[in-house]
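Count residues from 1 along the sequence. Worth saying up front: this structure is predicted, and the values here are computed from it rather than measured.
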Amino acid sequence: SLLPAPALTALDLVNQLMLASCILLLDSYLTAIGMDRRQRVAGMMMFAISFPVFYYGATGRIDAGGVACMLLILAAHARGRSALLFASVFIAPLAKETTVLAVGMCVLVDVLERRPHAVRRGGLLIVLFVAGSVASRIIAPVSATHVWNPSVADTVTVLRSQRSLAM
């Protein structure tokens, strides 16, 4: 840890900073999609008392950074800030690979709203995310056993277990 604290405490401090950033990023996103002040305050309050804040805030997990990256991607997309969007999509997998959900949302919105160059821009977002994922694996000081690898077999197993739970 670069912070003058034990590793877990330092991680918790970074998580708290990320969660505070989430409030500001959420406000930026909600403003960009046209919500008025009262709706934005309600949205930020709901986030502040939500599961991520209480669970990720002090458990030594890295999810708070991923949530912040997803909100940054969504806010940059909604505001039309392409340079910030492309940079955040490349950096997001360094925080957590589940940030791909925000990338998928941006691509889906562009396609459904028939925005100009939606397919080309969506392809670029996916390429940037994959490049960020590859870069994170190259620079990560961990062995291959600690890195998640996409697997069709694992996905099928999860889907089957979800289906059996629903029945």
Side-chain angles (χ1 to χ4, degrees), residues 2-3 5 8-133 135-136 148 150 155 158-159 162-163 165-166:
L2 299 176
L3 297 176
L8 186 57
T9 302
L11 184 56
D12 289 342
L13 290 171
V14 170
N15 281 341
Q16 291 300 319
L17 178 64
M18 289 293 103
L19 290 169
S21 299
C22 284
I23 298 288
L24 300 174
L25 291 167
L26 180 61
D27 184 45
S28 177
Y29 174 69
L30 296 177
T31 299
I33 63 171
M35 291 196 169
D36 64 37
R37 186 179 193 289
R38 187 173 170 189
Q39 293 169 322
R40 293 189 340 258
V41 169
M44 290 183 290
M45 292 293 290
M46 284 189 281
F47 179 82
I49 62 171
S50 70
F51 172 79
V53 173
F54 290 104
Y55 188 70
Y56 300 143
T59 59
R61 297 179 184 269
I62 60 169
D63 297 79
V67 172
C69 284
M70 285 194 280
L71 285 168
L72 177 61
I73 290 168
L74 294 174
H77 181 263
R79 291 189 167 278
R81 306 273 314 268
S82 294
L84 180 60
L85 173 64
F86 297 147
S88 59
V89 165
F90 178 79
I91 292 168
L94 295 168
K96 192 155 171 67
E97 288 174 330
T98 56
T99 54
V100 73
L101 296 173
V103 175
M105 191 68 191
C106 293
V107 172
L108 185 64
V109 166
D110 283 351
V111 170
L112 290 177
E113 291 183 355
R114 294 189 171 110
R115 293 185 178 174
H117 311 292
V119 173
R120 183 175 27 209
R121 181 172 153 152
L124 178 58
L125 290 175
I126 292 167
V127 167
L128 286 169
F129 188 85
V130 169
S133 294
S136 71
W148 173 77
T155 303
V158 168
L159 291 174
Q162 293 300 317
R163 192 176 99 188
L165 290 174

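M35 CE to Y29 OH: the interatomic distance, rounded to the nearest 0.5 Å, is 8.0 Å. Going from atom CG of L13 over to atom CE of M18 covers 11.5 Å, rounded to the nearest 0.5 Å. Considering CZ of F47 and CG of L71, their distance stands at 6.5 Å, rounded to 0.5 Å. The structure places CG of L128 at 4.5 Å from CG of L124, a figure rounded to the nearest 0.5 Å. Taken from CE in M45 to CD1 in I23, the straight-line distance is 9.0 Å, to the nearest 0.5 Å. Interatomic distance, OG of S88 versus CE of M70, reported as 12.5 Å (0.5 Å rounding).
When every heavy atom of T99 is checked against every heavy atom of F129, the shortest pair comes out as OG1-CE1, 3.3 Å. Closest of all the heavy-atom pairs between V89 and L125 is CG1-O, 3.3 Å. Between A32 and R79 the shortest heavy-atom distance is CB-CG, 3.6 Å. Of all the heavy atoms in A68 and L25, the pair that sits closest is O-CD1, 3.4 Å. In terms of heavy-atom proximity, L30 sits nearest to R40 at CB-CG, 3.7 Å. Of all heavy-atom pairs between A95 and G66, the closest is CB-N, 4.2 Å.
Remark: side-chain polar atoms of T31 are paired, donor with acceptor, to backbone N or O of D27 under 3.5 angstrom.
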Q: Please report the C-alpha distance between E97 and S133 in whole Å, then the side-chain angles of each, then the deciding distance to 0.1 Å, and finally whether the side-chain contact (heavy atoms from CB on, under 4.5 Å) criterion is met.
A: CA-CA 7 Å; E97 288 174 330; S133 294; 4.2 Å; yes
**Q.** Criterion side-chain contact (heavy atoms from CB on, under 4.5 Å) on L74 and L26, from CA distance to verdict
**A.** CA-CA 9 Å; L74 294 174; L26 180 61; over 6 Å; no
Q: Show your working on side chain to side chain donor-acceptor pair (under 3.5 Å) between D110 and H77 and close with a plain yes or no.
A: CA-CA 9 Å; D110 283 351; H77 181 263; 2.8 Å; yes
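R121 places none of its side-chain heavy atoms less than 4.5 Å from the side chain of C106.
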